[in-house]
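The shown structure was predicted, so the numbers you read here are calculated from the model rather than taken from an experiment.
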Amino acid sequence: MRRFSTISLCVFSSLGLSLLGGCEDQLPGRDDTVSYIEKVLEQERVPGAAVAIWHRGEPVLMEGFGVTNVNDPRQVDTQTLFKLASTSKAFTTAALGLLVEEGKLDWDGRVVDYLPQFRLGDPWITADFRVVDLLTHRSGLGPGAGDLMLWPQPNAYSRDDVLKGLEFLPITRRFRADYAYDNLLYIVAGELITEVSGLSYEDFVQQKLLEPLGLQNCYAGPVPADARDNLADPHRLEASDGERGKLVVDTPNLAGFDPIVLAAAGGMHCSAGDMLTWLRTHLSGGQMPNGRQLFTEQTRDRLWRPETLMPLSQSRAARDGGHFYAYALGWRVQDMHGKKVVHHTGSLSGMYAWAAMVPEEDLAIVVLMNRSAGAARQALIYGLLKPYLQAPDTDWLAYFQELYGTPAEAVEPEELTAPVGFTRVSAQELLGLYRDPWFGDIKIVEEEGVLRWYALKSPRLTGTMTGAGEGVWGVDWDDRSLNADAWVMADRAESGVILLTMQAKSRGTDFSYDFHDLRFEKVSGGESAEMPILSSIQ
């Protein structure tokens with residue numbers, strides 16, 4: 001990669017610390033790139049990150065920054081394992097592509113022909129649902145539908161629970177017309193791989209993708225004990241401690257020793273170095289660095305083919321110099337400043353990831369971080385990518401800090417007012433066991449004069465209920481890191497049985513807390529149901 005001998009107008013507008021575009025023949029040097037990354041991570045309080053860049057046949061940068069854990073510091077390197085979150089989805093679609101190549105699966109095959117137990121809430125949609133529909137976020141389900149079976153982790157849901165629960169989730173969008181991001185159908189895709197191949201999802205990805213590629217720091221399933229010393233832990237800012245907050249380890253990495261439910265949707269661990277090899281293979285049309293074909297170029301092109309149009313705001317179109325934005329198969333595809341960019345983000349509590357390719361530039365970029373810092377990820381995405389697209393000069397860190405705020409600015413999301421117009425139900429009547437057909441059982445009990453809520457399969461959803469109006473209670477979770485307090489509303493069926501619905505208290509609540517999809521009915525004789533024990537969930 002070229003280095004600058006002098007600072008020119010096409011590179012830096014001030015101090016040489018912002019990566020800026022604008023010149024076709026000049027790109028920022030390695031030192032400037034490292035300085036920019038370090039500046040972003042420092043200002044955004046990100047404990048650790050790993051970044052890898054490949055351009056026109058050469059590794060431009062492969063480097064770790066910061067530490068894996070603030071309580072037990074270890075230097076991040078290019079072999080450090082991070083959660084991939086939703087960047088795992090591309091491994092799932094590639095695995096399906098291999099089965100298509102083998103003639104065992106058809107992209108347009110009906111899911112029920114492979115998984116007869118597959119059911120959605122609409123019989124016609126179920127009967128016509130194709131393999132490709134599992135992957136393109138146009139199922140008719142709402143955003144994040146059923147995600148409460150996936151997190152907060154740990155919980156006691158299984159993949160079988162996901163399959164059985166799908167038919168009880170409301171169809172709120174137009175099938176094959178409306179984009180709404182989901183995770184559950186990628187889990188179904190993982191079960192489809194198991195059904196067709198005879199291997200577990202984890203074993204198939206490990207044996208058919210990771211091992212042929214020689215990825216020794218990438219795992220579809222549990223991370224082996226001997227690899228856990230170099231495992232990044234998720235972090236968050238404890239906003240109540242000091243003006244800027246204190247960096248604390250969020251939930252432990254939970255790599256576990258058993259397969260996890262969401263593996264096919266977002267459960268993989270990988271290093272930046274191995275992720276770069278993965279992206280290079282895509283750029284080469286499925287050809288691995290050793291010269292062998294992992295999958296065909298036709299399969300690669302199918303994975304990249306746009307399927308579902310995604311919302312493209314005027315501000316994003318102007319910022320990206322683009323005209324379309326679409327979801328393909330495990331990848332997002334858009335035009336940016338006249339070039340095709342294939343990319344995907346990954347977001348889990350305390351872990352952010354990003355992987356991108358620009359085929360015309362033979363460019364691949366990987367960013368893995370161990371804090372959920374939106375401004376940091378966006379500043380790295382744009383600051384690292386834009387110079388290769390000859391984009392206009394912009395201070396992307398300042399730009400996204402203005403949009404999202406800085407760590408020093410504790411901006412509280414707008415809290416929604418308590419809903420009104422619900423049935424009068426006394427606190428005593430409220431006590432008991434309730435059941436939702438996909439989420440399962442919750443129990444409301446009285447402890448020391450206050451109402452307490454327990455989700456029997458999701459123990460971190462334990463909290464205190466406070467009256468907020470006729471038939472309405474607020475539930476504040478004991479675990480304050482969730483940022484997902486909710487309103488609980490009571491009603492009665494014609495039979496007199498108490499029904500409960502929910503909604504998030506704040507507009508800032510992550511869409512994966514899909515409380516609005518829950519419909520609880522009181523269960524008679526359920527007073528003896530056992531309470532969950534968090535430590536027993538693996």
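Without hydrogens or angle criteria, Glu360 side chain to Lys340 main chain gives a donor-acceptor distance under 3.5 Å. At distances below 3.5 Å, not a single donor-acceptor pair connects side-chain atoms of Arg371 with backbone N or O atoms of His235. No side-chain donor-acceptor contact under 3.5 Å links Trp278 to the backbone of Leu215. Panel note: side chain Tyr327, backbone Tyr181; no donor-acceptor pair is recorded below 3.5 Å. Glu101 places a side-chain N or O within 3.5 Å of a backbone atom of Thr296 that can act as its donor or acceptor partner. Listed for the Ser372 side chain is a donor-acceptor partner under 3.5 Å among the backbone atoms of Leu348. The backbone N or O of Thr308 lies less than 3.5 Å from no partner atom in the side chain of Thr136, so there is not a single donor-acceptor pair. Side-chain N or O atoms of Tyr219 include none that pairs as donor or acceptor with a backbone N or O of Met268 at under 3.5 Å. Of the possible polar contacts, one joining the Asp335 side chain to the His323 backbone as a donor-acceptor pair under 3.5 Å is found. Of the possible donor and acceptor atoms, none in the side chain of His344 sits under 3.5 Å from a partner among the backbone N and O of Trp331.
The two residues Leu184 and Asp147 have their closest heavy-atom pair at CD1-OD1, 3.7 Å. Of all the heavy atoms in Leu237 and Pro407, the pair that sits closest is CD1-CB, 3.7 Å. Considering all non-hydrogen atoms of both residues, Ala356 and His343 come closest at CB-CB, 3.7 Å. Pairing each heavy atom of Leu482 with each of Leu461, the nearest pair is CD1-CD2, 3.9 Å. Residues Gly405 and Ala375 approach most closely at O-CB, 4.3 Å, considering heavy atoms. The two residues Leu312 and Phe324 have their closest heavy-atom pair at CD2-N, 3.7 Å.
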#### Entry: Derivation of the side-chain contact (heavy atoms from CB on, under 4.5 Å) call for Tyr352 and Val367
CA-CA 8 Å; Tyr352 271 8; Val367 175; over 6 Å; no
### Query
Are Ile37 and Leu61 close enough, and set up right, to give a side-chain contact (heavy atoms from CB on, under 4.5 Å), and what steps lead you there?
CA-CA 11 Å; Ile37 295 169; Leu61 179 72; 3.7 Å; yes
### Query
What's the verdict on side-chain contact (heavy atoms from CB on, under 4.5 Å) for Val261 and Met149, showing C-alpha distance, side-chain angles and the deciding distance?
CA-CA 9 Å; Val261 173; Met149 286 189 279; over 6 Å; no
### Task
Step by step, work out the side-chain contact (heavy atoms from CB on, under 4.5 Å) result for Val366 and Trp354.
CA-CA 6 Å; Val366 178; Trp354 179 65; over 6 Å; no
### Message
side chain to side chain donor-acceptor pair (under 3.5 Å), that's the test. Do Asp77 and Thr80 meet it? Break it down for me.
### Response
CA-CA 5 Å; Asp77 56 39; Thr80 298; 3.2 Å; yes
### Task
Could you walk me through whether Asp161 and Ser158 pass the side chain to side chain donor-acceptor pair (under 3.5 Å) test, one step at a time?
CA-CA 5 Å; Asp161 289 329; Ser158 67; 3.3 Å; yes
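A 4.5 Å side-chain heavy-atom check between Pro143 and Arg173 finds at least one atom pair inside the cut-off. In this structure, Val188 and Leu166 have side chains that are in contact, with non-hydrogen atoms separated by less than 4.5 Å. For the pair Leu135/Leu96, a side-chain contact is recorded, criterion being any heavy-atom separation below 4.5 Å from C-beta on. Within the 4.5 Å cutoff, the side chain of Ile365 has no heavy atoms near those of the Leu380 side chain. Side-chain contact between Pro289 and Arg280: present, with at least one pair of heavy atoms (C-beta onward) separated by less than 4.5 Å. You'll find the side chain of Gln378 stays beyond 4.5 Å of the side chain of Leu403, heavy atoms only. Proximity of Asp133 to Phe175: side-chain heavy atoms (C-beta onward) are separated by under 4.5 Å at one or more points. Residues Arg110 and Phe118 are not in side-chain contact: their nearest non-hydrogen atoms beyond the backbone lie 4.5 Å or more apart.
Annotation: Gln216, atom CD; neighbour count of heavy atoms from other residues, nucleotides and ligands within 6.0 Å does not exceed 12. More than 12 non-hydrogen atoms from other residues, nucleotides or ligands lie less than 6.0 angstrom from CD of Glu211.
Interatomic distance, CZ of Arg138 versus CG of Leu309, reported as 10.5 Å (0.5 Å rounding). Annotation: the span from Asp510 atom CG to Trp151 atom CH2 amounts to 8.0 Å, rounded to 0.5 Å. Put simply, SG on Cys270 and CZ on Phe91 are 5.0 Å apart, with the number rounded to the nearest 0.5 Å. Atom OG of Ser271 is separated from atom CE of Met62 by 8.5 Å, given to the nearest 0.5 angstrom. One distance of note links CD of Glu202 with CG of Leu210; it measures 11.0 Å at 0.5 Å rounding. Taken from CZ in Phe515 to CZ in Phe439, the straight-line distance is 8.0 Å, to the nearest 0.5 Å.
Ring geometry, His55 versus Tyr388: the interplanar angle exceeds 60°, so the pair is classed perpendicular (tilted spans 30 to 60°).
Considering Asn69, Asn71, Asn370 as possible partners of Asp233, the one that fulfils the side chain to side chain donor-acceptor pair (under 3.5 Å) test is Asn69. Only one option out of Arg176, Arg302, Arg332 pairs with Glu307 in a salt bridge (Lys or Arg N to Asp or Glu O under 4.0 Å); it is Arg302.
Arg74 pairs by the salt bridge (Lys or Arg N to Asp or Glu O under 4.0 Å) definition with nothing, not counting sequence neighbours.
Defined by atom type and a distance below 3.5 Å, a donor-acceptor pair is missing between the side-chain atoms of Asp274 and Thr277. Looking at Gln287 and Glu297, their side chains never bring a donor and an acceptor atom within 3.5 Å of each other.
Taking the centre of each ring, Phe400 and Tyr382 come in below the 6.0 Å mark.
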Can you give the donor-acceptor pairs under 3.5 Å from side chains of residues 192-201 to other protein atoms, not counting sequence neighbours?
residue, atom, partner, partner atom, Å
Thr194, OG1, Gly190, O, 3.4
Thr194, OG1, Leu199, O, 3.2
Thr194, OG1, Tyr201, N, 3.1
Ser197, OG, Ile193, O, 2.6
Ser197, OG, Leu199, N, 3.1
Ser197, OG, Leu199, O, 3.4
Ser200, OG, Asp203, N, 3.0
Ser200, OG, Asp203, OD2, 3.3
Tyr201, OH, Thr92, OG1, 2.7

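The pair Arg159-Glu191 counts as a salt bridge, with a side-chain nitrogen and a carboxylate oxygen less than 4.0 angstrom apart.
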